[in-house]
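Please read the structure below before turning to the comments.
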Amino acid sequence: MAFNIADTLRVILSHIAASGHVSSSSLGEPVGPPGGDKLHGAVYMRSTGVSSLYVDGGTRENHVAVMRLYRPVLRQPQAESELELALAASELLEDLVEDYTLGSNIREIDIAGGQGGGSLTTDWGHVEIGGVMYRVVDITVPIVVDDSATAAA
């Protein structure tokens, strides 16, 4: 069974790029230091699965994407940088909750996790890219998608 994962990724990337919360964005994790000292956003897929298969061949799937926000750790003042990252994450979460269909085959963002893909969450940490340490926020976005999977004969 093939999934149209690319469509889900494009929709989420378009959402983060159009949000105004990041100065640059990429599909997949950057291989070099992103965005100078500006806030950068990346989108990548964590998992996919079919939760329902209908008699007519249609499907309902759970796609879990991650929106990761990057901010260089050495950017000063550090407290201001942390607050800027928190504000961007909070506003992106609010945007997702308010616009939870996002278009395409996306039925909804599974905000509370009742559809089997986990809930809308954030995880904070650090990651090094090209010798530069970044403070990151991972926004896990569980998405319910209709009819993106196709059965191969």
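Values reported hereafter were calculated over all heavy atoms of this structure, with side chains retained and with hydrogens, waters and symmetry mates removed.
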Separation between [atom1] of [X] and [atom2] of [Y], rounded to the nearest 0.5 Å:
| X | Y | atom1 | atom2 | value |
| --- | --- | --- | --- | --- |
| K38 | E84 | NZ | CD | 8.5 Å |
| L120 | I139 | CG | CD1 | 7.5 Å |
| H21 | L39 | NE2 | CG | 10.0 Å |

Flag side-chain contact, heavy atom, 4.5 Å: [X] against [Y]:
| X | Y | answer |
| --- | --- | --- |
| V22 | L69 | yes |
| W124 | V136 | no |
| E128 | Y134 | no |
| Y70 | V132 | no |
| V43 | V141 | no |
| L93 | T122 | yes |
| L74 | P72 | no |
| M67 | L13 | no |

ILVMFWY cluster, [X] and [Y] together (side-chain gap under 4.5 Å):
| X | Y | result |
| --- | --- | --- |
| M133 | V127 | no |
| L27 | V145 | yes |
| V11 | L9 | yes |

Next item on the list: Please test L83 against L85 for side chain to side chain contact (heavy atoms under 4.5 Å, CB included), starting from the C-alpha separation and ending with a verdict.
Entry: CA-CA 5 Å; L83 290 172; L85 196 56; over 6 Å; no

Next item on the list: Check the pair V64 / M45 against side chain to side chain contact (heavy atoms under 4.5 Å, CB included), numbers first and verdict last.
Entry: CA-CA 6 Å; V64 179; M45 189 62 72; 5.5 Å; no

Closest non-hydrogen atom pair between [X] and [Y], with its separation:
| X | Y | result |
| --- | --- | --- |
| A65 | I12 | CB-CG1, 4.4 Å |
| A42 | P30 | CB-CD, 4.2 Å |
| A17 | S25 | CB-OG, 3.5 Å |

Next item on the list: For the pair I143 and E61, evaluate side chain to side chain contact (heavy atoms under 4.5 Å, CB included) and give the outcome as yes or no after the intermediate values.
Entry: CA-CA 8 Å; I143 306 162; E61 303 114 54; over 6 Å; no

Note to self: Checking L96 against I111 for the side chain to side chain contact (heavy atoms under 4.5 Å, CB included) test, could you report, in this order, the C-alpha distance in whole Å, the side-chain angles of both residues, the deciding distance, and whether it holds?
What the structure shows: CA-CA 9 Å; L96 288 168; I111 297 166; over 6 Å; no

Note to self: Determine whether a donor-acceptor pair (N or O, by modelled atom type, separation under 3.5 Å) exists between the side chain of S19 and the backbone of I16.
What the structure shows: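 Pair found, side chain donor or acceptor close to backbone of I16.
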
Just by distance, no angles: are the side chains of [X] and [Y] close enough, under 3.5 Å, to form a donor-acceptor pair?
| X | Y | result |
| --- | --- | --- |
| H40 | S23 | no |
| T48 | H63 | no |
| T140 | R46 | yes |

